[in-house]
Amino acid sequence: MSREIKGIILSRLIVLVVIIFVPIVIFLIYNLVDFNLWFSNDQTLKTILIKILCPIVFSVSWLFFLILFVNRLANTLDDFDKTISVVPSRLKFFYGINAVYILFIFIFPIITPIIAVLSFASFAWRLTTFRKKRWEEDTKVSLITWIMIGVFAILPIFCGIIVLPEFLTLALFLWRVIWVPNLDILFTISYSLFTALAIGSFILLFLNSGISEYEQLFEESSKKQRFWNVKILEIGLFGFFLFLDFGEYGVIDLFYIAGFVFIILTSIINFFQGKMKIGSFKSHLFGYIIAAIFIGSNVIFSTTEISGFLRVWSLIISAVLYIIVFFYTFLQAE
């Protein structure tokens, strides 16, 4: 069942926001980043191709793709939530931050020309086959359709050839100049957030499980009050852990170990509770694998050199696994 906020289906709202903001982001990228033409130094040609043509082509392509798969994308978000349902919902937000960062910097620029080619080819397909009311398995694609697909694909291929080298340069720049130098700060913030959420999740699970037999004694307002009390506690713990880590207090390692233990216990309890409540209960273990990779790297390896190396790869691997699960869910969605 889809999550709702005051009658608004959350997955549909997210897809709508993406449809609105993707074209805006594309135009901002092409007009704020100083891309150059690798075959010409003409400023007028650069303005026409880089700041006008390419963002129009790629924006239209993404709009077509997102609108074409609007229901599948919304269903993917709902199914993805179920896929990692045993992972506490507050941790899904944490994983999503890393995944979106990697997706935006390294994957989005690379797949945009591919999406453009597919979208324009689909334009041609629909224009030349819209009169067909029914398709049989042995129906052949006409020659004119293949010709139109090839013609329509020329423009996005041209735009991709123009900007792809610059996008690769931009990705390397963001990696070397922005992401890697600030990785320790990013990791500290993420690590503190994860630990605070892990402890809060365990406390909330304990409270909900421990009072289940006496639930009739509590009104709905009391349940919400417990939830918000834990949320406030998580915020306080997050700030406290940041203070300890940035202050280089050694006791922070004990809290990180505790967070690692709590998330394992919470995951195991959620898994078995789900199996007891629902006979056909299924859930991906990717969420647990991501958590183990992310937290375990710094718990097991204590030396600066090793942990620094693993910090990079723990973030990358957790994000990649998260993205893989999402794309797998997209392909499997109805």
Side-chain angles (χ1 to χ4, degrees), residues 12 15-16 18-27 29-31 33 35-40 42 44-77 79-80 103-104 106-171 323-334:
R12 267 60 180 175
V15 173
L16 176 61
V18 171
I19 290 175
I20 294 174
F21 276 95
V22 163
I24 296 175
V25 170
I26 290 176
F27 270 92
I29 290 175
Y30 280 91
N31 284 274
V33 179
F35 289 121
N36 294 310
L37 294 174
W38 53 269
F39 57 86
S40 176
D42 187 280
T44 302
L45 185 62
K46 173 183 173 180
T47 300
I48 294 174
L49 295 181
I50 298 295
K51 299 186 181 298
I52 299 177
L53 180 62
C54 285
I56 290 177
V57 170
F58 293 144
S59 296
V60 170
S61 301
W62 272 107
L63 278 176
F64 176 81
F65 177 83
L66 293 172
I67 293 174
L68 182 65
F69 292 105
V70 63
N71 289 325
R72 178 182 284 266
L73 287 168
N75 292 336
T76 298
L77 293 175
D79 293 343
F80 182 71
L103 186 68
F104 179 76
F106 302 109
I107 299 179
F108 179 76
I110 305 300
I111 67 172
T112 293
I114 300 175
I115 295 295
V117 172
L118 294 176
S119 295
F120 273 75
S122 184
F123 292 157
W125 173 276
R126 289 170 178 270
L127 285 174
T128 55
T129 61
F130 73 96
R131 292 183 179 275
K132 283 191 175 291
K133 297 181 179 179
R134 185 177 178 182
W135 283 88
E136 304 293 346
E137 290 184 2
D138 59 347
T139 301
K140 294 183 179 180
V141 179
S142 65
L143 179 61
I144 186 65
T145 299
W146 286 114
I147 294 175
M148 290 296 292
I149 289 175
V151 171
F152 271 59
I154 292 175
L155 181 60
I157 290 175
F158 173 70
C159 292
I161 293 174
I162 289 176
V163 300
L164 191 56
E166 290 292 310
F167 260 129
L168 294 175
T169 302
L170 176 63
I323 293 170
I324 288 175
V325 174
F326 182 84
F327 278 106
Y328 172 80
T329 307
F330 175 80
L331 295 175
Q332 298 296 318
E334 296 182 358

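Just so you know, these numbers use all the heavy atoms, side chains as well, and skip hydrogens, waters and symmetry mates. Residue numbers start at 1 and run along the sequence shown.
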Any side-chain heavy-atom pair of [X] and [Y] under 4.5 Å:
| X | Y | value |
| --- | --- | --- |
| Ile162 | Phe35 | no |
| Ile161 | Phe39 | no |
| Ile157 | Phe120 | no |
| Leu53 | Leu155 | yes |
| Val22 | Leu63 | no |
| Val163 | Tyr30 | yes |
| Thr128 | Phe152 | no |

Minimum heavy-atom distance between [X] and [Y], given as atom pair plus value:
| X | Y | result |
| --- | --- | --- |
| Pro55 | Leu49 | CD-O, 4.4 Å |
| Ala74 | Arg12 | CB-NH1, 3.2 Å |
| Pro109 | Phe104 | CD-O, 3.3 Å |

Should the pair Phe65 and Phe69 be assigned to parallel (<30°), tilted (30 to 60°) or perpendicular (>60°) ring geometry? tilted

Hey, what do you get for [atom1] ([X]) to [atom2] ([Y]), rounding to the nearest 0.5 Å?
| X | Y | atom1 | atom2 | value |
| --- | --- | --- | --- | --- |
| Ile24 | Ile19 | CD1 | CD1 | 12.5 Å |
| Trp62 | Phe108 | CH2 | CZ | 5.5 Å |
| Cys159 | Ile50 | SG | CD1 | 8.5 Å |
| Thr329 | Asn75 | OG1 | CG | 11.5 Å |
| Tyr328 | Asp79 | OH | CG | 11.0 Å |
| Ile107 | Ile111 | CD1 | CD1 | 7.0 Å |

Verify whether the ring centers belonging to Phe330 and Phe326 lie closer than 6.0 Å. no

Side-chain donor or acceptor of [X] paired with backbone N/O of [Y] under 3.5 Å:
| X | Y | result |
| --- | --- | --- |
| Ser59 | Ile56 | no |
| Ser119 | Ser61 | yes |
| Lys46 | Ser40 | no |
| Thr76 | Arg72 | yes |

So among Ile20, Leu73, Asn71, Ile67, which one has a side chain to side chain contact (heavy atoms under 4.5 Å, CB included) with Val15? Leu73

